[in-house]
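Right, one structure below, let's go through it.
Sequence lines set the chain letters: A, B, ... in the order given, protein chains first and strands last, and positions in each chain run from 1.
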Amino acid sequence: MSMIKAHHLAVSYGHGEAALKVVKDVSFEVQKGETFGLVGESGCGKSTILGALAGRNKQWTGTLEIDGEEIGQKRTRSQLAKQQLVFQDPFGSIHPRHTIGRTLLEPLEIHGKDRRQERIEKVLTDVGLPLNFRYRYPHQLSGGQRQRVAIARALILEPKILLLDEPTSALDVSIQAEILNLLKDLREREQLTYILVSHDLAVVAHLCDRVAIMQSGGFVEVATRQQLLENTVEHPYTRILMDGSRGYVSERRKSDSAALPA
Amino acid sequence: TPKDELVIAIMMTTMRGLDPHEINQLEAAEVVANLYDRLIALPPDNIADPQPSLAESWTISEDGKTFTFKIRQGVTFHSGNPVTARDVEWSLHRLVKLGLAPSTDLRQWGFSAKNVDELIRAEDDHTLVLQTPEVWNPNLILYSLASYSTSIVDSVFLATKEKDGDWARNYLQTADAGSGPYSLVTWRSNQLLIADAFKDYWKGMPAMRRVYMGHVPESSAQRLQIDAGDVDIATRLSSTDLAGLERDGKVTVQKVPGFGFYYLALNQKDEILSNPKVREAFRYLIDYDGLANSVMKYYGTKQQTIIPAGLPGASDAMPYKLDIDTAKQLLAEAGYPDGFSKVYFAQPGTPESEVGISLQNNAAKAGIKLDLQIGDQIGKFRARQFELFSSRTGERLPDPHAVLQSYATNANNADDSKLAGLVAWRSAWDVPKDIQDMVIAAAHETDAEKRDALYARINEAYLRASPALVTSFQRTDPKAVRNEVKGYVGHPTWLTRWDTVTKSE
Amino acid sequence: MAKSGTFSNLHDWLISEEFTSARQARLHSIYLAWLSLLANPLAFAGFAVVFLLVVVAALAPVIAFHDPFTQDFAIALQAPSSVHWFGTDEFGRDVFSRLIYGARTTLYITILVTVIVAPIGFVIGATAGYLGGWVDVVLMRITDIFLSFPSLVLALAFSAALGPGIENAVIAIALTVWPPIARLARAETLTFRHADFVIAAELQGAGTGRILLRHIVPLCAPSIIVRLTLNMSSIILTAAGLGFLGLGAQPPMAEWGAMAASGRQYLLDAWWLTTVPGIAILTVSLAFNLLGDGLRDIMDPRNG
Amino acid sequence: MANTSDTILTVESMSVEFPTLSGVTTAVRDVSFSVGREKIGIIGESGSGKSTTGRAIMRLQPPQAIVEASRMQFEDIDLLTATEEEMRAIRGRRIAMILQDPKYSLNPVMTVGEQISETVILHERATPKEARSRTLAMLERVNIRDPERVFDLYPHEVSGGMGQRIMISMMLIAQPSLIIADEPTSALDVTVRQQVLSILDDLVVERNIGLIFISHDLNLVRSFCDRVIIMYAGRVVETIAAADLDQAQHPYTRGLLNALPSLDNPKDRLEVLRRDPAWLEN
Amino acid sequence: MSIIQTSETSAPRKSALPKAAGKVVTSFVVILTTLLGLMMITFTVGRMVPADPVIAVIGDQADQATYDRVYKEMGLDRPIYVQFAGYLSDVVHLDFGQSIITKQPVSKDLARVFPATIELATLATIIGAGLGIPLGVIAAVRKGTWVDHVARVVGLLGYSTPIFWLGTIVILVFYAYLGAIPPGGRIYLYDEGIVQARTNFILIDSALGGHWDVFRSALHHIIAPAVILGYASMAYLSRMTRSFMLEQMRQEYILTARAKGLGQRPIVWRHAFRNIRVQLLTVIALAYCGLLDGTVLIETVFAWPGLGSYLTSALFFADMNAVLGSVLLIGIISIAINLLSDIVYRFIDPRTR
Ligand SMILES: Nc1ncnc2c1ncn2[C@@H]1O[C@H](COP(=O)(O)OP(=O)(O)OP(=O)(O)O)[C@@H](O)[C@H]1O
Ligand SMILES: Nc1ncnc2c1ncn2[C@@H]1O[C@H](COP(=O)(O)OP(=O)(O)OP(=O)(O)O)[C@@H](O)[C@H]1O
Ligand SMILES: [Mg+2]
Ligand SMILES: [Mg+2]
């Protein structure tokens with residue numbers, strides 16, 4: 001069953017002459033429980049696609065179907081609850097003057113849910129945070145802890161889809177590992193569907209089943225995880241990105257010794 | 001200041017134009033007094049004695065209705081034109097026909113735009129005939145012709161300045177066309193006025209070559225400046241500053257008497273305030289002595305009766321003093337033992353605001369809560385939309401009639417009769433008929449002795465009527481003059497002259 | 001600080017970040033602010049004076065040992081003495097007592113204006129900033145119109161129009177104070193408008209009202225509070241200026257500006273009449289400024 | 001690798017402390033290392049004291065910071081006793097520093113050329129004209145195609161990659177013998193990063209100077225540097241040749257390596273770093 | 001790495017100047033609506049003032065007939081919107097009506113009083129900026145030292161002093177006790193009428209005419225009010241400069257400059273200060289407009305015949321034409337100053353070019 005279906009999706013910013021088409025005609029489908037990756041350089045439109053899916057960018061054309069339901073530019077509250085966004089920067093995505101408890105309470109109030117304390121406790125446990133963290137303010141938390149809070153906030157409405165916009169790129173490697181593991185666990189436990197944006201192919205390959213490689217608003221290639229790991233991607237641009245995630249390739253050394261162990 | 005120049009510090013904010021037939025206030029009148037001459041002059045030291053000025057002499061007909069004036073020859077305006085009876089005729093017509101505030105000076109005797117052409121005529125260049133529609137005490141007419149409002153303007157010159165039949169009104173606001181001892185050089189509103197001595201003045205060129213009037217609104221600034229010798233005369237000083245100056249001895253303070261009062265008006269449309277006992281109670285709530293020794297020291301003299309001191313019929317009876325208990329008792333008798341609350345409008349500026357604040361304080365002690373609002377509320381007073389109002393008046397005729405007409409006549413107390421010039425009407429006070437009749441009779445009375453007696457009776461009756469207009473002080477206008485300045489004599493009807501001024505070392 | 005046992009326990013409890021309740025979390029942040037206030041002597045001095053002002057205003061009848069309204073011309077304009085600490089005025093009223101009661105007026109005006117202005121300024125500014133588009137254009141146009149009057153002129157015009165009186169002065173001053181607040185609220189809102197946590201709330205379905213009140217208010221609050229505190233000084237000065245021009249508080253109410261203004265008539269004989277209330281205005285307004293300046297350092301580190 | 005033994009900088013037991021409201025924080029503790037004519041990487045988690053170390057070498061720590069060391073020798077100069085004036089002569093001239101984000105580390109209201117030539121004018125008393133030609137040459141050296149045009153551009157008019165190349169030319173124009181680069185490429189895209197790094201690489205090798213390369217990207221440091229210093233909570237836990245990184249001994253280093261997802265070496269679950277309090281003692 | 005907000009976000013009321021011609025039109029419309037709103041408010045307020053304009057003309061004692069006639073003459077019998085429309089159409093024809101106080105065309109009055117105020121405000125701004133900006137820079141550079149604290153107290157005192165009171169005290173001390181300054185006004189009364197009014201800036205006129213004694217007299221008069229106003233503006237400018245500088249000194253590019261080996265002085269002046277010039281300009285413009293405020297009180301204290309005292313007395317006596325004319329002028333000035341600072345802004349700041 002496909003959870004997300006985007007058909008000829010195009011997204012733009014601005015109006016009239018200043019209008020800028022940032023995502024140009026992309027189509028994809030994500031199955032329930034699948035993780036779909038989006039990779040590409042800064043400004044190629046990754047976040048914009050997520051924004052359109054999340055209901056943030058309303059200037060899109062094409063068709064969007066989420067959980068079997070066709071979605072319009074305006075959404076109802078329950079439609080909004082179906083997918084939740086996790087942002088890149090854990091320092092900017094949590095209200096600095098709300099305690100964690102307050103941050104988690106907020107969506108429950110909006111949606112008028114019951115058993116609030118219980119839900120908060122559950123979700124804190126789910127993301128592996130001590131319960132008394134709910135009295136803390138974000139500045140008293142580390143980056144990784146904040147990102148857990150952000151994930152908890154996204155989960156508390158029991159969505160079907162998590163849209164992850166570079167969820168670990170602001171974090172240290174060691175913390176990144178924890179978050180990636182957490183995401184993996186949650187996916188299994190809650191039967192979640194992910195779309196993961198990253199510029200690091202290694203991260204994407206770690207978590208995703210399929211990856212769309214983007215360049216200036218369009219997909220250049222949709223590769224499977226297998227293709228990435230086996231280095232059998234087709235597009236040269238994908239290859240450059242793969243090199244990049246391995247580190248620095250010395251031009252001099254390249255010319256010194258033509259062959260480099262693969 | 002230089003020896004042949006005179007510097008006067010005034011508060012200029014109320015000086016609105018210099019057209020003698022339009023202005024209505026003291027500072028402008030002093031300027032007009034010096035830019036223009038009038039048919040008759042009233043010497044400041046003997047104010048009730050009309051003296052020739054532009055009129056060399058005059059005769060009054062037997063029936064008391066026709067006045068014939070002989071116009072002085074050889075007098076010229078600042079423009080060089082000779083002063084003739086035609087100018088006098090044109091000037092007086094202008095005053096009446098423009099019909100602005102000062103025109104009351106003639107209109108109250110029955111002159112109107114309709115009849116003035118006929119009643120005021122130049123027989124020839126040197127003879128002016130003035131007929132009154134009714135018989136009035138002749139002094140009233142002569143005094144009126146000595147008022148700043150009857151200043152004689154240069155009709156020939158103004159003919160060139162006239163636009164759209166405006167009687168050169170626009171031009172005269174900021175210029176002069178007179179024959180007085182000074183001619184206007186500059187006037188910048190709220191800043192300064194410069195006048196130069198007129199070389200060809202008929203009484204000879206004045207000693208002060210140039211006169212400056214500077215806008216110095218602050219009392220303390222005026223005091224500092226006169227003390228330092230930066231100005232010669234200061235006219236807006238608080239009592240404290242005047243006392244201070246007097247102490248230091250460099251300056252003499254003149255208390256120029258005026259024919260007006262500090263009054264408290266109680267709106268008679270108000271049920272409480274129209275109670276005679278309540279009115280009476282207010283007379284006991286004024287701290288006559290306290291004020292007289294402080295803020296009113298230079299601004300007034302205690303006077304509780306309605307005829308100003310120095311005029312026929314005046315009395316020095318002082319039946320009232322501050323007496324909270326009596327006031328309380330009167331209020332209780334009136335049925336207000338617990339007092340009441342009223343809104344009280346007082347005029348801004350010293351000493352009116354202090355008088356108001358003092359009254360408020362005493363009233364509070366008697367249980368009357370006054371919501372004092374200090375500000376320019378004359379419009380509300382005129383429209384009878386007030387509860388209590390206090391201010392001061394200043395009349396320019398040295399005759400009891402001037403004050404009494406306003407304070408003691410109210411021919412029709414209806415709202416729509418709009419006798420808004422009269423403070424009695426404004427207070428909605430239906431003045432007892434007998435008092436009103438006596439006031440009218442006295443104005444028509446030509447026999448001086450009978451008239452004096454009549455005024456004495458009016459004065460007494462008025463006091464007994466517990467009037468809606470509570471008068472406490474007779475107005476005086478203080479002027480501080482440096483000792484080296486001689487001959488500057490404050491004039492009770494605002495016609496202070498500069499041509500008599502000299503300076504010693 | 002003396003560290004007796006209970007105090008240091010309390011201190012530790014307050015300073016600890018291992019919260020066990022929401023109340024502790026709140027008290028913790030208040031306590032930290034208090035500590036940084038203590039660490040900033042100038043701001044603390046400002047706070048102390050403001051605190052003193054409040055105490056004096058509250059206890060005016062106890063502190064003032066003369067009636068501030070009783071007149072007696074016999075003792076008018078007396079120089080400061082042991083009976084009348086700051087002398088008497090032109091009506092023989094005790095200046096010290098009037099000064100004490102004047103604290104009430106000052107506080108009353110300041111608080112009332114602030115209470116009126118803060119919500120209005122915030123709602124207008126935040127709405128404009130958050131909604132953008134034509135709402136922004138219209139609201140900011142109105143704000144600009146009010147801003148392009150010099151504020152004293154505007155206050156002057158309005159209180160002249162509304163008539164003298166303290167309530168009218170409050171309204172007039174409020175009219176001049178809200179536009180900068182609205183501007184500030186808008187600027188602040190704009191910086192948060194596209195913040196991720198606001199977007200997160202939007203994507204969860206929060207309405208405009210909720211976002212403004214729950215999310216934007218707490219963020220704008222520090223800088224608006226700082227601005228309001230600094231404004232209190234200018235409110236005091238404007239009120240005094242109005243009092244000086246004869247608007248504002250009406251007799252017999254004691255108001256420092258009016259006292260200083262009416263004292264000017266007696267400047268040369270009774271210097272205390274102008275000097276004393278002037279210094280009072282200066283002190284209190286300086287105190288608010290010091291406090292506001294300190295609060296800025298404490299609450300709004302961005303402005304250093 | 002050339003002249004690794006030729007030591008440029010020696011740091012022995014350096015500590016940096018910051019007094020704060022709640023006591024003194026030690027940002028760097030007892031750190032010792034030396035730099036030769038090589039590319040030495042410093043890696044570690046956020047807050048482990050990498051930048052603080054870099055700045056302390058240039059004596060550019062915030063005024064309230066307290067720096068202590070038993071020895072800080074740069075070539076012939078004792079950095080511990082050098083006066084501020086001497087330091088100024090060293091900064092930019094002999095030790096240069098490249099910061100993370102060109103968008104913020106270039107003065108927005110001065111032209112690029114002006115900012116570069118300022119260094120030459122300052123340190124070599126060059127005339128403006130000389131400075132200009134030196135600048136143009138340097139710009140060319142960092143592969144900027146139209147130096148004349150770029151000279152008069154303002155920082156907001158250049159892209160991130162170009163900005164970082166400008167930064168490099170500004171810092172290398174006075175021919176320093178040591179460069180401290182604090183995450184010089186983390187604001188850049190993968191492709192641009194490659195270009196910038198290779199320019200830096202070339203210059204360092206060509207001029208035979210030392211480079212301290214601060215980064216938190218293990219793969220990058222491993223492939224770019226000669227030696228790696230690993231920092232944890234203000235301490236150096238290990239110093240190792242880049243090529244031997246995979247054989248690192250310290251559990252922290254090992255933990256970091258294992259936490260890394262890798263294309264070449266996929267794992268189902270990533271290993272999570274287990275922090276040992278014993279690491280804090282040395 | 002993280003989404004970093006641009007530094008412009010907190011900049012008050014300034015956006016980049018419109019670039020296209022269409023936007024010039026928009027900003028023109030904006031200015032016009034502002035002015036219109038300004039006048040509407042003023043007009044309404046003016047009509048609410050309790051003082052009766054008719055009585056201001058005819059005085060208290062006049063009778064009702066006179067009152068009614070003048071009331072009609074002044075057009076007060078028409079509905080207020082008709083009066084406003086009439087006023088607007090006059091304004092379009094550059095006719096601001098006549099003042100009832102001065103009996104002069106308002107435009108002529110303004111031409112007289114406005115230069116006096118400008119002269120005062122300009123000198124005050126020069127004093128304020130000349131002292132305030134360096135003080136602010138020094139305070140920022142020496143943040144936390146006694147210099148900073150002193151600068152802070154001096155600055156905050158300037159914010160906190162009731163200007164009318166300070167004026168009064170200055171007159172008391174410097175005129176009454178020391179005799180060092182004149183008591184008020186623009187020049188001595190007996191120097192009046194000597195200088196030919198060309199620009200109405202007395203300093204300029206007297207210099208042009210070579211009347212150096214009058215020039216000295218004018219300078220002597222302007223010093224005290226200008227210093228008092230300048231102090232207030234210095235206080236404001238030094239505080240703003242300080243916080244702008246602090247913000248800049250925290251920026252990365254300062255670290256770059258230090259890493260280059262630059263000394264403190266070039267870092268402060270060549271790098272940091274250059275970055276705040278634009279903001280400073282805006283603030284100076286604001287301060288200048290704010291001074292028009294201060295002049296209302298200071299002109300009263302020093303009997304300075306400027307716009308502030310003109311406007312105040314016009315308000316008190318319900319002189320509507322004068323009030324409207326003055327407010328319109330003030331509005332235009334503040335808009336013009338802001339516009340000007342916008343334009344200069346574009347020349348200084350490369351980012352907006
Ligand atoms: N609100 C906006 N208005 C106009 N253009 C925008 C807006 N947001 C993004 N863009 C533009 O759209 C393009 C795509 O932006 P997007 O944020 O989707 O990129 P991204 O792939 O997520 O990049 P990054 O890796 O930097 O997050 C960029 O060129 C950006 O400049
Ligand atoms: N000015 C300062 N005042 C107080 N503490 C500071 C200051 N600057 C840095 N620190 C502390 O010093 C420690 C080291 O900081 P530093 O910036 O050197 O880390 P880093 O390794 O460069 O981290 P990142 O990878 O995030 O850049 C941190 O714990 C930080 O909190
Ligand atoms: Mg993105
Ligand atoms: Mg760092």
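For a residue to count as touching a neighbouring chain, one of its non-hydrogen atoms must lie under 4.5 Å from one of that chain's; by this rule C/Phe146 touches chain E with the side chain only. The contact between C/Leu247 and chain E is made entirely by side chain atoms (from C-beta outward), counting heavy-atom distances below 4.5 Å. Residue contact with chain E, scored on non-hydrogen atoms closer than 4.5 Å, involves the backbone and the side chain of C/Leu286 alike. Using a 4.5 Å cut-off between heavy atoms, C/Thr283 does not touch chain E at all. If you measure heavy-atom distances from E/Val30 to chain C, the contacts under 4.5 Å come from both the backbone and the side chain. At a 4.5 Å heavy-atom cutoff, the contact between E/Ile169 and chain C is made by side-chain atoms alone.
Residue with the most contacts toward chain C among E/Leu315, E/Thr42, E/Val327, E/Leu166: E/Leu315 (heavy-atom pairs, distance under 4.5 Å). Among the candidates E/Leu38, E/Val323, E/Ile330, E/Thr312, the residue making the largest number of heavy-atom pairs closer than 4.5 Å to chain C is E/Leu38. Between chain C and the residues E/Val296, E/Leu297, E/Ile333, the largest count of heavy-atom pairs under 4.5 Å involves E/Leu297. Taking chain E as the reference chain and counting heavy-atom pairs below 4.5 Å, the highest number among C/Val284, C/Val137, C/Leu237, C/Leu230 is found for C/Leu237. Contact tally against chain E (heavy-atom pairs below 4.5 Å) for C/Gly241, C/Ala260, C/Ala261, C/Pro41: the top residue is C/Gly241. Chain E forms the most heavy-atom pairs under 4.5 Å with one residue out of C/Ala160, C/Gly263, C/Ser234, and that residue is C/Ala160. For chain E, the option among C/Leu267, C/Leu154, C/Ile281 with the highest count of heavy-atom pairs below 4.5 Å is C/Leu267. Comparing E/Leu311, E/Thr168, E/Leu291 by how many heavy-atom pairs each has under 4.5 Å with chain C, the most go to E/Thr168.
With a 6.0 Å radius and a threshold of 12 heavy atoms from other residues, nucleotides or ligands, C/Arg141 has its CZ atom above the threshold. Within a 6.0 Å sphere centred on CZ of E/Phe84, heavy atoms belonging to other residues, nucleotides or ligands number more than 12.
With contacts defined as side-chain heavy-atom distances shorter than 4.5 Å, the pair C/Phe158/E/Ile41 qualifies. Inter-residue side-chain proximity for E/Val301 and C/Phe244 is flagged as met; some heavy-atom pair is nearer than 4.5 Å.
Shown here for C/Ser233 and E/Tyr159, the closest heavy-atom pair between the two residues is OG-O, 4.1 Å. Scanning all heavy atoms of the two residues, the minimum distance from C/Gly278 to E/Pro162 falls at O-CG, 4.2 Å. Smallest separation of non-hydrogen atoms from E/Val45 and C/Ala157: CG1-O, 3.3 Å. Among all heavy-atom pairs drawn from E/Thr33 and C/Ile145, the shortest one is O-CD1, 4.0 Å. A pairwise comparison of heavy atoms in E/Trp165 and C/Thr274 identifies NE1-O, 2.9 Å as the closest pair.
Here the CG-NE2 distance, from C/Asn40 to E/His149, works out to 8.0 Å after rounding to the nearest 0.5 Å. Atoms OG and CG, on E/Ser160 and C/Leu290 in that order, are 7.0 Å from each other to the nearest 0.5 Å. In this structure, CG on C/Leu282 lies 5.5 Å from CG on E/Leu157, to the nearest 0.5 angstrom. Atom CG of C/Asp293 sits about 7.0 Å away from atom CZ of E/Arg242, to the nearest 0.5 Å. For the atom pair C/Leu147 CG and E/Leu286 CG, the distance stands at 8.5 Å (nearest 0.5 Å). C/Arg264 contributes atom CZ, which lies 8.0 Å from atom OG1 of E/Thr300 (distance to the nearest 0.5 angstrom).
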Next on the checklist: Pair E/Leu172, C/Leu268 - check side chain to side chain contact (heavy atoms under 4.5 Å, CB included), show working.
Outcome noted: CA-CA 8 Å; E/Leu172 180 68; C/Leu268 299 170; 3.4 Å; yes

